[in-house]
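Okay, so here's the structure we're looking at.
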Amino acid sequence: MDTPTSSTWEEGSQSDYDGDDGAASDVSSECSGEPGSPYGSPYPRWPVCKLAARMPPPAPLLQRLGTEPRRGGARDRKAGCTELQLMKERFSKLLLGEDMSGGGKGVSTAAAISNAITNLYATVFGSCHRLEPLPVEKKSMWRREMDCLLSVCDYIVEFFPSKDILPDGTTREVMATRPRSDIYVNLPALEKLDDMLLEILDGFQKTEFWYLNDKAHKDSCDDSAPCRPASHRGEERWWLPVPCVTKSGLTEPARRDLRQKHDCASQIHKAAMAINNGILAEIKIPESYTQTLPKCGRASVGDALYRGMSFPGKFSPEYLLDCLEISSEHEALEAADRVEAAMHVWRRKAGHGHARSPWGAVKDLMESDKNVMLASRAEDALLCLKHRFPGLSQTTLDASKIQHNKDVGQAVLESYSRVLESLAYTIVTCIDDVLFADESARKI
């Protein structure tokens with residue numbers, strides 16, 4: 001059976017759509033921005049309410065997915081069919097909730113989309129351990145499939161009262177729609193951060209450094225300028241490529257450009273982390289996690305941490321972490337889990353007061369103030385810990401929230417910000433490796 005062309009699809013879609021005259025009222029249409037530019041509109045992807053407008057004919061499916069077969073040779077048609085089959089497979093997995101048996105035992109829609117974004121990031125950027133432009137095929141895959149996964153946000157709206165002016169001049173009150181506030185604020189920011197990260201990678205076209213066992217650079221390397229491989233990782237992450245520079249190190253313009261890109265990627269990492277933390281804070285705490293919390297916050301953090309947090313003087317989370325002498329990410333994650341659990345125990349105690357007498361009311365008020373202080377200090381210590389170990393894995397609470405979350409919009413924003421945070425951190429660490437190799441070469 002021959003694959004239908006885009007013209008056949010357009011005729012079928014148009015004729016089917018024109019047959020339904022009443023199905024297109026009070027719907028939203030997409031904002032129009034400058035084609036191909038992220039700066040054409042501040043919110044280029046979102047629906048704007050059209051109260052009495054008729055829905056425009058939908059774009060052809062193949063054009064929407066970016067997989068329309070080109071009128072080239074047989075290879076082009078075969079590639080287009082392969083991409084379409086891949087998109088069908090991913091779409092089916094989303095509908096089935098990753099349960100291929102079809103028995104309805106799959107994960108929720110929110111979890112399926114979150115997993116799809118995470119898996120797409122692993123496919124495209126999983127082997128991105130070098131400072132070099134992303135291959136064209138992978139960049140096209142990332143753009144195309146993220147556009148499809150993010151398109152669900154076009155239809156997550158909230159209602160608000162509005163007025164509609166009729167042709168005779170009278171007005172009537174109606175309920176209009178607009179993008180949900182969290183998506184309206186965060187999604188354009190994440191798309192901008194995404195573009196900036198890809199732009200940073202595209203900036204490494206011609207560099208004064210290369211990586212060990214890179215044959216292309218090894219053949220062109222002159223004996224008078226031998227490479228100087230250096231790494232500050234030691235035994236950790238031995239599988240990552242080691243950068244090399246010439247005997248004299250990097251030139252000053254190249255070193256300056258690297259530092260600028262390092263600062264930019266670091267700011268992007270902080271912005272993505274802030275968005276991710278904000279989204280996770282809005283997700284409801286699962287009941288399964290609440291049931292595992294200890295009855296006492298002190299038992300969770302231990303005596304040493306509790307004494308530092310309950311000290312009546314000025315609290316310094318940096319000094320508290322210095323006293324713990326955390327030397328690895330595993331120890332940092334364990335400390336983060338304990339501090340986060342204690343924080344929620346103290347918050348829960350601060351919100352519950354059952355006084356039966358005036359003295360009981362005063363006592364409960366004093367205990368509540370102490371629990372509020374401890375919860376606030378635990379939150380500061382947790383935030384400081386995440387900044388000190390930016391590559392820290394998800395805590396037990398974060399993983400539980402992602403697993404049990406049912407809100408599709410929050411799932412998209414959380415997973416998108418999480419993968420961008422990971423990509424920005426990878427770029428920062430790769431630049432640190434090159435700068436360390438340059439410093440080591442100049443010291444010799």
Side-chain angles (χ1 to χ4, degrees), residues 33-41 44-45 59 61-70 72 75-76 78-91 113-153 187-207 209-211 214 216 240-241 257-258 260-262 264-265 267-269 271-272 412-413 415-431 434:
E34 181 181 349
S37 170
Y39 309 104
S41 171
R45 295 185 42 82
L61 177 61
L62 299 181
Q63 182 179 357
R64 173 69 174 170
L65 298 181
T67 58
E68 181 178 3
R70 298 179 293 274
R75 179 183 298 179
D76 293 337
K78 184 178 180 179
C81 294
T82 303
E83 291 178 353
L84 179 59
Q85 290 299 326
L86 180 61
M87 297 306 300
K88 286 182 178 180
E89 179 184 352
R90 294 186 182 277
F91 182 67
I113 292 182
S114 178
N115 293 339
I117 294 177
T118 304
N119 294 336
L120 176 61
Y121 170 79
T123 302
V124 176
F125 298 100
S127 58
C128 180
H129 301 303
R130 302 187 177 198
L131 297 176
E132 58 187 8
L134 196 66
V136 178
E137 298 80 7
K138 288 192 174 182
K139 182 185 292 187
S140 176
M141 175 189 292
W142 175 256
R143 296 290 194 190
R144 180 179 63 252
E145 298 195 20
M146 279 303 299
D147 181 69
C148 294
L149 293 172
L150 295 178
S151 63
V152 66
C153 294
L187 187 57
L190 292 174
E191 291 178 326
K192 179 62 177 176
L193 297 179
D194 189 354
D195 293 335
M196 294 173 67
L197 288 174
L198 293 181
E199 184 179 353
I200 291 176
L201 290 177
D202 289 338
F204 293 104
Q205 294 281 353
K206 296 181 180 180
T207 61
F209 60 89
W210 61 98
Y211 290 90
D214 193 337
L240 296 179
D257 180 66
L258 268 180
Q260 290 177 353
K261 291 177 179 177
H262 179 278
C264 182
Q267 293 299 322
I268 293 174
H269 176 263
V412 171
L413 295 176
S415 56
Y416 195 14
S417 60
R418 172 162 40 86
V419 298
L420 292 182
E421 178 185 342
S422 177
L423 178 58
Y425 176 71
T426 300
I427 294 176
V428 170
T429 54
C430 288
I431 296 179
V434 176

**Asked** Looking at residues at least two apart in the chain, or sitting in another chain, which of them share a ring-ring contact (aromatic ring centres under 6.0 Å, His included) with Phe204?
**Response** none
**Separation of Tyr211 OH from Glu132 CD (nearest 0.5 Å)** = 7.5 Å
**Request:** Show your reasoning for whether side chain to side chain contact (heavy atoms under 4.5 Å, CB included) applies to Val428 and His262.
**Result:** CA-CA 6 Å; Val428 170; His262 179 278; 3.5 Å; yes
**Request:** Just jot down the side chain to side chain contact (heavy atoms under 4.5 Å, CB included) partners of Asn119, sequence neighbours excluded, or say none.
**Result:** Asn115
**Asked** Taking all non-hydrogen atoms of both residues, which atom of Ile200 and which atom of Ile268 are closest, and how far apart?
**Response** CD1-CD1, 4.1 Å
**Prompt:** Does Thr118 have any side-chain hydrogen bond (donor to acceptor under 3.5 Å, both in side chains) partners at least two apart in sequence or in another chain, and if so, which?
**Reply:** Arg418
**Prompt:** Do Ser140 side-chain atoms and Glu137 backbone N/O form a donor-acceptor pair below 3.5 Å?
**Reply:** no
**Asked** Hey, what do you get for CG (Leu197) to CD1 (Ile427), rounding to the nearest 0.5 Å?
**Response** 5.0 Å
**Item:** Beyond-backbone contact of Thr207 with Leu131, side-chain heavy atoms, under 4.5 angstrom
**Value:** no
**Item:** Atom pair CH2 (Trp142) and CG (Leu198), whose distance is rounded to the nearest 0.5 Å
**Value:** 8.0 Å
**Fill in**
Scanning both residues in full, the closest heavy-atom pair of Ser415 with Ser114 reads CB-OG, 3.7 Å
**Asked** Rounded to the nearest 0.5 Å, how far does OH of Tyr416 lie from CG of Leu149?
**Response** 10.5 Å
**Asked** To the nearest 0.5 Å, how far apart are CZ in Arg143 and SG in Cys148?
**Response** 13.5 Å
**Complete:** Note: His129 and Cys430 closest approach over all heavy atoms is O-SG, 3.6 Å
**Message:** To check you understand the geometry: which heavy-atom pair defines the closest contact between Glu421 and His269, and what is its length?
**Reply:** O-CD2, 3.2 Å
**Asked** Does a side-chain heavy-atom distance below 4.5 Å link Thr429 with Leu240?
**Response** no
**Message:** Please evaluate residues Thr426 and Phe125 with respect to the criterion side chain to side chain contact (heavy atoms under 4.5 Å, CB included), reporting the C-alpha separation (whole Å), side-chain torsions for both, the decisive distance (0.1 Å), and the verdict.
**Reply:** CA-CA 10 Å; Thr426 300; Phe125 298 100; over 6 Å; no
**Message:** Is there a side-chain contact between Val124 and Glu145 in this structure, where contact means two heavy atoms from C-beta onward sitting under 4.5 Å apart?
**Reply:** no
**Prompt:** Which residues satisfy the side chain to side chain contact (heavy atoms under 4.5 Å, CB included) test with Ala271, sequence neighbours excluded?
**Reply:** Leu193
**Asked** Mind checking what makes side-chain hydrogen bond (donor to acceptor under 3.5 Å, both in side chains) contact with Ser422, not counting sequence neighbours?
**Response** Tyr121
**Message:** Using side chain to side chain contact (heavy atoms under 4.5 Å, CB included), reason through Leu190 and Leu413 one step at a time and then give a plain yes or no.
**Reply:** CA-CA 8 Å; Leu190 292 174; Leu413 295 176; 4.1 Å; yes
**Message:** Which residues pass the salt bridge (charged side-chain N to carboxylate O under 4.0 Å, His left out) test with Lys139, not counting sequence neighbours?
**Reply:** Asp202
**Check against salt bridge (charged side-chain N to carboxylate O under 4.0 Å, His left out), Asp257 and Lys261** = CA-CA 6 Å; Asp257 180 66; Lys261 291 177 179 177; 3.2 Å; yes
**Fill in**
The reported gap from OG in Ser417 to CG in Asp194 (rounded to nearest 0.5 angstrom) is 12.0 Å
**Request:** Kindly indicate, with the supporting measurements, whether the criterion side chain to side chain contact (heavy atoms under 4.5 Å, CB included) is fulfilled by Lys138 and Ser127.
**Result:** CA-CA 11 Å; Lys138 288 192 174 182; Ser127 58; 3.3 Å; yes
